[in-house]
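Comments concern the structure below.
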Amino acid sequence: MTPTEHKNWTKSSWQKFTALQQPTWPDQEAVDKVLTNLALLPPLVFAGEIRSLKQLLAKAVTGDAFLLQGGDCSENFAQVTAPNIRETLKVLLQMAVVLTYAGGKPVIKVGRIAGQFAKPRSSDTEIIDGVELPSYRGDMVNSAEFTPESRNPNPKFMLKGYNMAASTLNLLRAFTRGGFGSLQRVQAWNQEFVAHSPMGRSYDRLAKQISHAIRFMETIGISSEAPQIHQTELFTSHEALLLQYEEAMTRMDSITGDWYDCSAHMLWIGERTRQVDGAHIEFLRGVHNPIGLKLGPTYDIDNVKRIIDVINPDNEPGRLTIITRLGMKKVEKALPPLLREMKKEGFNIVWSCDPMHANTYTAKSGHKTRNFNDILSEITCFFETHWSEGTVPGGIHLEMTGNNVTECTGGAHNIVDEELAENYMTSCDPRLNAEQSLEVAFQIADMIRS
Ligand code: PEP
Ligand code: CO
């Protein structure tokens with residue numbers, strides 16, 4: 001198929017295109033059974049919610065809102081527990097407060113959560129000590145353990161993924177709507193292990209100021225029961241990688257007649273699957289969700305323009321977020337020509353910075369890691385480049401967790417290579433821990449203070 005053949009979209013038209021990074025399922029009949037089942041299950045999110053996210057993202061195009069997107073590189077079924085979900089939410093809420101206070105504009109909170117269960121891999125197989133097995137492709141496909149049984153793709157994991165996403169989302173909705181996310185509780189989001197750190201203390205000072213402001217409002221008779229104070233909103237997102245699953249979750253909205261992928265509010269296209277004539281672009285062009293597009297340093301400008309023409313032909317603001325992941329060494333050279341050209345074309349884009357994926361290296365201890373200063377230098381360069389090009393730095397995309405992990409080096413506690421083994425929990429890429437995440441928020445706050 002060529003791009004000109006991107007014509008009549010249906011939720012299964014991607015099947016005529018080449019789909020990279022798909023599992024090789026051993027039993028096609030079992031797959032079909034799961035997909036039929038999934039297609040009958042209730043949607044996880046609703047079209048109306050997806051539309052409100054798109055409207056908010058439209059504001060991030062012009063700099064009237066800021067996108068904070070973050071969560072695990074890869075969620076694990078075994079880690080879907082109330083404390084884990086709560087701790088991730090807490091850090092996202094803390095970061096959002098820090099950024100809102102500094103930037104004086106709404107922060108759109110989008111988790112890499114409730115569905116981030118499928119991973120692209122650099123190779124189909126992995127060889128350890130001469131044994132070759134299929135690569136781990138995320139909990140929705142197979143299991144991480146290096147045994148033939150674990151690595152065998154099991155389509156039932158797609159159903160399990162749906163159920164895990166549903167229970168995660170259920171708890172998130174309860175937390176965000178039921179008072180946990182109320183600004184009146186802003187001080188309670190500081191975790192114990194963060195509270196006594198320099199970041200925790202800075203946060204505590206800020207939280208106290210907000211509490212004072214709310215008390216002042218109440219004193220003069222403005223109710224703090226307003227939903228803006230009492231409730232918060234967290235949207236969900238994941239990489240739309242497993243196209244069979246995404247197709248099964250795609251439904252027509254009864255109000256508008258438009259198609260929405262109801263597995264999450266926002267979906268992104270990974271660096272490895274953004275071929276303009278590929279199945280992922282074909283699938284995502286037809287659903288009306290906000291779409292993220294990851295761009296690495298080897299991007300080709302004409303190719304990017306062609307992708308944009310296919311994904312956002314009407315130049316609808318909020319539809320497309322470009323998530324650059326260029327690396328601290330390359331960002332300074334690679335970002336300006338891209339911004340210039342897209343500005344010249346007049347494309348409406350939310351520009352978001354993923355400072356994680358091009359800053360990965362292997363530590364002496366053998367752990368895959370990222371250094372806090374590298375992450376920060378890509379972020380800083382991202383903001384400065386946008387400001388000098390007259391474009392809008394609209395968001396940040398992080399791999400992070402609310403837990404006290406030791407996966408990225410550096411930060412206020414200066415985690416060193418030798419300490420990575422202490423609490424290295426990720427089954428995929430290294431995440432910022434709660435304190436490092438908060439530190440990123442404070443650093444950005446310093447840059448955007450209005
Ligand atoms: C990711 O976000 O986990 C990922 C694999 O990113 P990228 O597609 O940018 O490499
Ligand atoms: Co990752």
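Every number for a ligand or one of its atoms is a count from 1 in the order of the listing.
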N/O/S of Cys428 less than 2.8 Å from the Co ion (ligand 2)? no
Going by side-chain hydrogen bond (donor to acceptor under 3.5 Å, both in side chains), Arg112 matches just one of His238, Gln69, Glu399. Which one? Glu399
Under 4.0 Å to a heavy atom of Gly270 - the qualifying atoms of ligand 1, by number: 8 (O)
Take Lys343 and Glu389, measure what salt bridge (charged side-chain N to carboxylate O under 4.0 Å, His left out) needs, and give me the verdict at the end. CA-CA 9 Å; Lys343 188 180 171 190; Glu389 294 296 331; over 6 Å; no
In ligand 1, which numbered atoms sit nearer than 4.0 Å to a non-hydrogen atom of Arg112? 1 (C), 2 (O), 3 (O)
Check the pair Asp314 / Arg319 against salt bridge (charged side-chain N to carboxylate O under 4.0 Å, His left out), numbers first and verdict last. CA-CA 10 Å; Asp314 299 328; Arg319 161 73 168 167; over 6 Å; no
Aromatic ring centroids of Phe117 and Phe77 under 6.0 Å? yes
Relative to the heavy atoms of Arg272, which atoms of ligand 1 are at a distance of less than 4.0 Å? 5 (C), 10 (O)
Which is closest to atom 3 (O) of ligand 1 by heavy-atom distance: Lys119, Glu239, Lys294, Gln116? Lys119
Counting non-hydrogen protein atoms only, what is the nearest one to atom 1 (C) of ligand 1? Give residue, atom name and distance. His357 NE2, 3.0 Å
Met356 near ligand 1, heavy-atom distance under 4.0 Å? no
Nearest to atom 8 (O) of ligand 1, what protein heavy atom do you find, and at what distance? Glu271 N, 2.8 Å
In terms of atom number and element, which parts of ligand 1 are under 4.0 angstrom from non-hydrogen atoms of Arg325? 7 (P), 9 (O), 10 (O)
